[in-house]
Amino acid sequence: MNDLSYEEKRERLEELAPEELAEIEAEDEGDDHPLPDLPNAEAYDEIRMRCAPNPNGPWHVGHARMPAVIGTYRDRYDGWFCVRFDDTDPETKRPDLEAYDAILDDLEYLGFEPDAVYRASDRLETYYDHARELIELDGAYTCSCPGEEFSELKNAGEPCPHRDKDAETVLEEFEAMVDGEYDSGEMVLRVKTDIEHKNPALRDFVAFRMIDTPHPREEANDYRCWPMLDFQSGIDDHLIGITHIIRGIDLQDSAKKQRFVYDYFGWEYPEVVHWGHVQLDAYDVKMSTSTIAELIEEGELDGWDDPRAPTLKSLRRRGIRGEAIVDAMVDLGTSTSDVDLAMSSIYANNRELIDDETDRRFMVRDGTELPLGGSPPAEANPPLHPDHEERGVREIPVGDAVLLEPDDLPDREERVWLKGLGCFRYTDGTLEHTDDDIDVVREGDVDVVHWVPASESVPLRMRTPEGDVFGRAEPGVADLEPDELVQFERVGFARIDNVAQSATDDSSNRRSRDRHEDEETVAYYTHD
RNA sequence: GCUCCGAUAGUGUAGUCCGGCCAAUCAUAUUGCCCUCUCGAGGCAAUGACCGGGGUUCAAAUCCCCGUCGGAGCACCA
């Protein structure tokens, strides 16, 4: 039944119990708090949105908000969304060639596939054409004022001398810009807005500037005249037919700037939703692509998927489902105030997704070895999952000594229940098997702890957001496959990342794997 | 300094447009109890919020004003 898709399940239910289904669905509607309706959605035949990342690195957790919300709206309205890489600054926000795919990868992890993918750096000629048209509409002028000088004039609400140039001259100079005849900083094209606008941020903004540094993409490395985001993005949103722009509050004024361009062209500006910034509560590392990149560069982090990094690749490697992140992001809503996202909310979502299907194992961190006395069973057989006996049991050879976590060591002469094995009394440095049955646990006299055999357990490194933890896991862990999820009982969920070849008993029978790191069994901690 | 935004429990969110049904929703968190051979899951319960001050009104979380706090923009960054 669980293999069925939601639709299939729903259909099946509809046949079997239509009334109950209606009830369930009615409840659902009252229960969840979906995103608010998109403004003026009914006015459009198709809701079209875009996700416009700057390809300067893989995504951190905060980036998930855009696809989560846009993707959710797409599903709700049966709409459309694209990814558009706004890679129009080859210098200060220099694109990272690997980031384009890394971002699409992250998107896929979150469970979304864009309906189209664009790169602004492929579309320069389009932007040039619109600039020419704008110039002819007397809506833009070439300006060679040094930045500071213009800024002073602007703040005083005074036009610069270049503002009155005739369209012909402007067009000529703009063509020279396009042809790369100016050096960086020599000439810009400004949009003529309202030089006395009460909001200084909106006065005559730059639409194109010269950049000497070639673009890293081969297809774009001949261009020297690059559009600014406000221009490029404004043109593209209209050409792509975007009906709803969703983006951060840092771009609030951008909408107002772009409206001037739209007015020149006689275009309707899309609906806009601006939201605040997302802060994550759980990481030491600042959530910014450049900070993370630096830490990786300096070797402080192992890479974008280091469990200490607040990135999507990190969460993915830890075995967290993209869906858990998406749900948490959708829950944040779209308010314009800044929000703190609690990782616990992602963890809670994920736990619900994985708990039922994740088998149990033992793993002892920083174990203390205790010899066993009496005559305990030779093998322990705890269930793979306490709620699913049908999945069978584990086979853990007991041996003559076990490892316990330091916190679990019983006091002298106290009893302790080794989970799945039985009751032991701690006497003279030895755990003596007793005949007590499980009732002593039920009565609350004896603590239940997890354990591993001292000799046959497998060494394991568990990577966590707080750093690496070393321990030993029950032998069965050596037979797991990378990417499998486990729950180490009383420790937490983890994703198996690598299984050491030497950890398996029958390693000689196995096909050899050509992986260097095979000597070590590694798990990534998911959450508790 | 100029210009915009925003403010509901630890966190997020509903309600604010169209004032009363809000002594305020849901989730998460924390705590306690039940269940359980996990500190997981499940069940139950508790904790906890309308930024402050005025005004309008029979009635304000909701409308108005003033403050306070927070955020954003004022780039040849995105």
Exercise for review: Name the nucleic acid region contacted by Met187(A), choosing base, sugar-phosphate or nothing; use a 4.0 angstrom heavy-atom cut-off, strictly under.
Suggested key: nothing
Practice item. Examine G73(B): is either OP1 or OP2 under 4.0 Å from a nitrogen or oxygen in the side chain of Lys256(A)? Give yes or no. Key: no
Review point. Heavy atoms, side chains only, cut-off 4.5 Å: are Arg425(A) and Arg415(A) in contact?
Key: yes
**Study point:** Gap between atoms CZ and P, on Phe493(A) and A41(B) respectively (whole Å)
**Key:** 7 Å
Check your understanding: Mind checking the P distance from G40(B) to A29(B)? Whole angstroms is fine.
Key -> 10 Å
**Study point:** Contact summary for Asp194(A) and Asp204(A), nearest pair of heavy atoms
**Key:** N-OD1, 3.9 Å
Exercise for review: Looking at every strand, decide which applies to Asp250(A) at a 4.0 Å heavy-atom threshold: base, sugar-phosphate, or nothing.
Suggested key: base
Review point. Which one is paired to A14(B), where only Watson-Crick or G-U wobble pairs with both distances under 3.5 angstrom count?
Key: none
Exercise for review: Consider the side chain of Val339(A), meaning its heavy atoms from C-beta on, and name the nucleotide among A72(B), U13(B), U11(B) that approaches it most closely.
Suggested key: U13(B)
Check your understanding: In whole angstroms, how far is the C1' atom of A75(B) from the CG atom of Leu153(A)?
Key -> 16 Å
Practice item. Would you confirm whether the ring centroid of Phe260(A) sits within less than 6.0 angstrom of the ring centroid of Phe205(A)? Key: no
Point to revise | Asp338(A), nearest nucleotide to its side chain (from C37(B), G71(B), A72(B)) | key: G71(B)
Check your understanding: Contact class for Thr88(A) (heavy atom, under 4.0 Å): base, sugar-phosphate, or nothing?
Key -> sugar-phosphate
Exercise for review: Between Pro386(A) and Val188(A), just flag the one whose closest nucleotide in RNA chain B comes earlier from the 5' side.
Suggested key: Pro386(A)
Point to revise | Arg490(A) CZ to U36(B) P, straight-line distance once rounded to whole Å | key: 18 Å
Exercise for review: Using the C1' atom on both, measure U47(B) against U3(B) and round to a whole Å.
Suggested key: 43 Å
Check your understanding: Is atom CG of Asp437(A) surrounded by more than 12 heavy atoms (other residues, nucleotides or ligands) closer than 6.0 Å?
Key -> yes
Revision key, fill the gap. Picking from U3(B), C37(B), C76(B), the nucleotide nearest the side-chain atoms of Asn199(A) would be U3(B)
Review point. Side chain of Gln487(A): nearest nucleotide among U38(B), A41(B), G12(B)?
Key: U38(B)
Check your understanding: When the P atoms of C44(B) and C50(B) are considered, how many whole Å apart are they?
Key -> 28 Å
Practice item. Find which nucleotide of RNA chain B each of Asn349(A) and Phe488(A) is nearest to by heavy atoms, and output the residue with the more 5' nucleotide. Key: Asn349(A)
Review point. Is the distance from OP1 or OP2 of A72(B) to the nearest side-chain N or O of Thr336(A) less than 4.0 Å?
Key: no
Revision key, fill the gap. Any strand, both distances under 3.5 Å, Watson-Crick or G-U wobble: U38(B) pairs with none
Exercise for review: Write down the distance between CD (Glu489(A)) and P (U36(B)), rounded to a whole number of angstrom.
Suggested key: 16 Å
Check your understanding: Should His130(A) and Thr126(A) count as side-chain neighbours, where that means a heavy-atom distance under 4.5 Å?
Key -> yes
Review point. When the C1' atoms of G15(B) and C21(B) are considered, how many whole Å apart are they?
Key: 13 Å
Exercise for review: Go through C76(B), A72(B), U38(B) for me and flag the one nearest to the Val206(A) side chain.
Suggested key: C76(B)
Review point. Do the side-chain N or O atoms of Ser335(A) get closer than 4.0 angstrom to the phosphate oxygens (OP1, OP2) of U13(B)?
Key: yes
Review point. Rounded to whole angstroms, how far apart are CG on Asp194(A) and C1' on U3(B)?
Key: 13 Å
Check your understanding: Looking only at N and O atoms, is any donor in the side chain of Asp387(A) or the base of G40(B) less than 3.5 Å from an acceptor on the other one?
Key -> yes
Point to revise | Side chain of Ser151(A) (C-beta onward), nearest among A75(B), G12(B), C76(B) | key: A75(B)
Study note, to complete from the structure: If pairing means Watson-Crick or G-U wobble with both distances under 3.5 Å, then the partner of A49(B) is none
Check your understanding: Using atom P of each nucleotide, how far apart are C65(B) and C4(B) to the nearest Å?
Key -> 14 Å
Practice item. Between A14(B) and U25(B), how far apart are the C1' atoms? Round to whole Å, please. Key: 5 Å
**Study point:** C1'-based separation of C58(B) from G52(B) [nearest Å]
**Key:** 26 Å
**Study point:** From C37(B), C5(B), G73(B), nucleotide with atom closest to Pro200(A) side chain
**Key:** G73(B)
**Study point:** For A75(B), the Watson-Crick or wobble counterpart (both distances under 3.5 Å)
**Key:** none
Exercise for review: Taking atom C1' in both G12(B) and U30(B), compute the distance separating them and give it to the nearest angstrom.
Suggested key: 16 Å
Practice item. Specify the closest pair of heavy atoms between Ala342(A) and Asp281(A), including all atoms of both residues, with the distance to one decimal. Key: CA-OD2, 3.4 Å
**Study point:** Presence of Lys154(A) side-chain N/O under 4.0 Å of C2(B) phosphate oxygens OP1/OP2
**Key:** no
Point to revise | Check: C77(B) base within 3.5 Å donor-acceptor of Lys93(A) side chain | key: yes
Exercise for review: Let me know the distance between NZ of Lys257(A) and P of C77(B), rounded to the nearest Å.
Suggested key: 11 Å
Revision key, fill the gap. Of the listed G6(B), C76(B), G40(B), the closest approach to the Ser337(A) side chain comes from G6(B)
Review point. Are more than 12 heavy atoms from other residues, nucleotides or ligands located less than 6.0 Å from atom CD of Glu148(A)?
Key: no
Check your understanding: Atom CD1 of Ile249(A) to atom C1' of G71(B): distance rounded to whole Å?
Key -> 5 Å
Review point. G32(B) pairs with which nucleotide, Watson-Crick or G-U wobble, both distances below 3.5 Å?
Key: C44(B)
Check your understanding: Which base sits across from G70(B) as a Watson-Crick or G-U pair, both distances under 3.5 Å?
Key -> C5(B)
Check your understanding: Taking only N and O in the side chain of Arg351(A), is any of them less than 4.0 Å away from OP1 or OP2 of A41(B)?
Key -> yes
Point to revise | Below 4.0 Å: OP1/OP2 of U38(B) and any side-chain N or O of Arg360(A) | key: no
Check your understanding: Are OP1 or OP2 of G73(B) and a side-chain N or O of Ser254(A) less than 4.0 angstrom apart?
Key -> no
**Study point:** Phe231(A) ring center near Tyr127(A) ring center (under 6.0 Å)
**Key:** no
Practice item. To the nearest Å, give me how far apart CG (Asp355(A)) and P (G40(B)) are. Key: 10 Å
Exercise for review: Can you figure out which of C74(B), A78(B), C37(B) approaches the side chain of Asn54(A) most closely?
Suggested key: A78(B)
Review point. Would Asp528(A) and Tyr347(A) count as having a side-chain donor-acceptor pair, cut-off 3.5 Å?
Key: no
Revision key, fill the gap. Closest to the side chain of Arg209(A), out of C5(B), A29(B), C77(B), is C77(B)
